[in-house]
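Here's the structure, in structure tokens; my notes come after.
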There are 2 protein chains.
Amino acid sequence: MNTQHVILGLLKKRSFTGYEMKNLFETVFSFFFDASFGTIYPALSKMEQLGYITKESIVQDKRPNKNVYTITPAGIKQFAEYMNSPVEKETVRSDFLMRMFFGEFAQEEASINWIKEAIASDSEDLEKLEAMKRSALAIPIGFSTKLIGLEIGIETTRARLKVLQESLLKLIDLTNPNMRQGDQQ
Amino acid sequence: MNTQHVILGLLKKRSFTGYEMKNLFETVFSFFFDASFGTIYPALSKMEQLGYITKESIVQDKRPNKNVYTITPAGIKQFAEYMNSPVEKETVRSDFLMRMFFGEFAQEEASINWIKEAIASDSEDLEKLEAMKRSALAIPIGFSTKLIGLEIGIETTRARLKVLQESLLKLIDLTNPNMRQGDQQ
DNA sequence: CCGTTCATGTAAGGCGTTACATGATTCC
DNA sequence: GGAATCATGTAACGCCTTACATGAACGG
């Protein structure tokens, strides 16, 4: 799976500009995919050359002109090939977990701060995902596989948060052995 | 965080060969990092050139010769710089979740099979992670941030599995509306 | 005998990031 | 007045994947 496949999937639904695609990547896809403008625009040019998509330039006033892309039969075929290929293994790259692994080489305070940051960031993510779920359920169409990504996002983020919060308490206890419940510095 | 930083972190603990590093990436790091030989060996050459590590060639009989790498003061400094840099955002790339998102463009049977495959793969991962946790706890040193990665791996995989199993039942229900509990085909 | 482990590397190509470049409009 | 939104692109560079290349020893 690469950016081209994802773009084709989006364009199967309707036509989009590169800018709109980036917005989707930052919201609905944020949990399992990302691509920057530096990836999207060159991909669109290449796909147009390859005949998978066509470009229509739309002149706007009060706004910059925009290019709207539409999938072609060749693009539809290409997307079908992707959907028939074996599913690739999920990859995760976590600088945070790497630092937890190398925790012995960091100052205790640094580790504690990294965990606090992770909790803050995961909490934000969780809120966003829950908001997305609410809006998805507001239009009731019954169950769709589209909800699976959202559900997995929500449940795994909750699980992470729980582990992080418990770990933070344990670490603080180790760093400050004299501090007990109710104590204040 | 890139492969060089991870290698430096490993070598802070003790010296390793490229081959041994790859084993670590496949086991203890598998949940949040990966690097293939095609990444590791060129990285080691470059790091030697840059003076971050030194190479010692060891001749073995009954086994291929090997190169054991050791960190230098320059490498230690480089690693410290990494540990002082801001933590990068975690990235996930999931072909499986993308296909769930594009589920409407796949045959229902294909979606069901992908979910079954995901359940099988996650179950295997969970067993491996739990085995790793057991061996980590067998040497009791109390709490260490190293356990956080393991815990997060275990708890998020459990959360994923739960969502997947529930989703599978819902999908099968939709596909086969006449099948009820207790029915057999 | 066959698969796995041990062990290292190269080469080509694809993919992606980051920074640079531009600029009007609209909301606070 | 300043930040965000709308909107597209290039260029350089770095990183990583995949396939290729080699080959002995050992366990089942």
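Just so it is clear, the model here is predicted, and its values are computed rather than measured. Just so we're on the same page: letters track the sequence lines, and every chain starts at 1.
- Phosphate contact (OP1/OP2 of D:dC26, side-chain N/O of B:Arg63, threshold under 4.0 Å): absent.
- Between B:Gln60 and the phosphate of C:dC6, there is no side-chain N or O to OP1/OP2 separation shorter than 4.0 Å.
- The closest donor-acceptor contact from the side chain of A:Ser121 to the backbone of A:Glu117 lies at 3.5 Å or more, if one exists at all.
- Summarising the geometry, the separation between CE on B:Met47 and P on D:dG14 is reported as 16 Å, rounded to the nearest angstrom.
- A donor-acceptor contact under 3.5 angstrom links the side chains of A:Asp95 and B:Tyr82, judged on distance only.
- One can place CD of A:Glu26 at 13 Å from C1' of D:dA4, the figure rounded to the nearest angstrom.
- Projected onto DNA chain C by closest heavy-atom contact, A:Asp34 and A:Pro64 fall at different nucleotides, the more 5' of which corresponds to A:Asp34.
- Of all nucleotides listed (C:dT26, D:dC6, D:dC26), D:dC26 comes nearest to the side chain of B:Lys62.
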What N/O pairs connect the protein and nucleotides 8-12 of chain D at under 3.5 Å? Give each pair on its own line.
from, atom 1, to, atom 2, distance (Å)
D:dT8, OP1, A:Asn67, N, 2.7
D:dT8, OP1, A:Asn67, O, 3.4
D:dT8, OP2, A:Tyr19, N, 3.0
D:dT8, OP2, A:Tyr41, OH, 3.1
D:dT8, O3', A:Asn67, ND2, 3.4
D:dG9, OP1, A:Asn67, ND2, 3.1
D:dG9, OP2, A:Asn67, ND2, 3.0

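- For B:Glu26, the salt bridge (Lys or Arg N to Asp or Glu O under 4.0 Å) test picks out B:Lys22, with sequence neighbours left out.
- Each of B:Arg93 and B:Asn23 has a nearest nucleotide on DNA chain C; the 5'-most of these lies closest to B:Asn23.
- Remark: the backbone N or O of B:His5 is paired with a side-chain donor or acceptor of B:Asn2 at under 3.5 angstrom.
- Of all nucleotides listed (C:dG16, D:dC6, D:dC15), C:dG16 comes nearest to the side chain of A:Thr39.
- Side-chain polar atoms of B:Ser15 and B:Thr70 form a donor-acceptor pair below 3.5 angstrom.
- The NZ-P distance, from A:Lys22 to C:dG16, rounds to 13 Å in whole Å.
- The separation between B:Lys46 atom NZ and D:dC15 atom C1' is 9 Å, rounded to whole Å.
- The side-chain tip of B:Lys55 does not point at the ring of B:Tyr69 from less than 6.0 angstrom away and within 45° of straight on.
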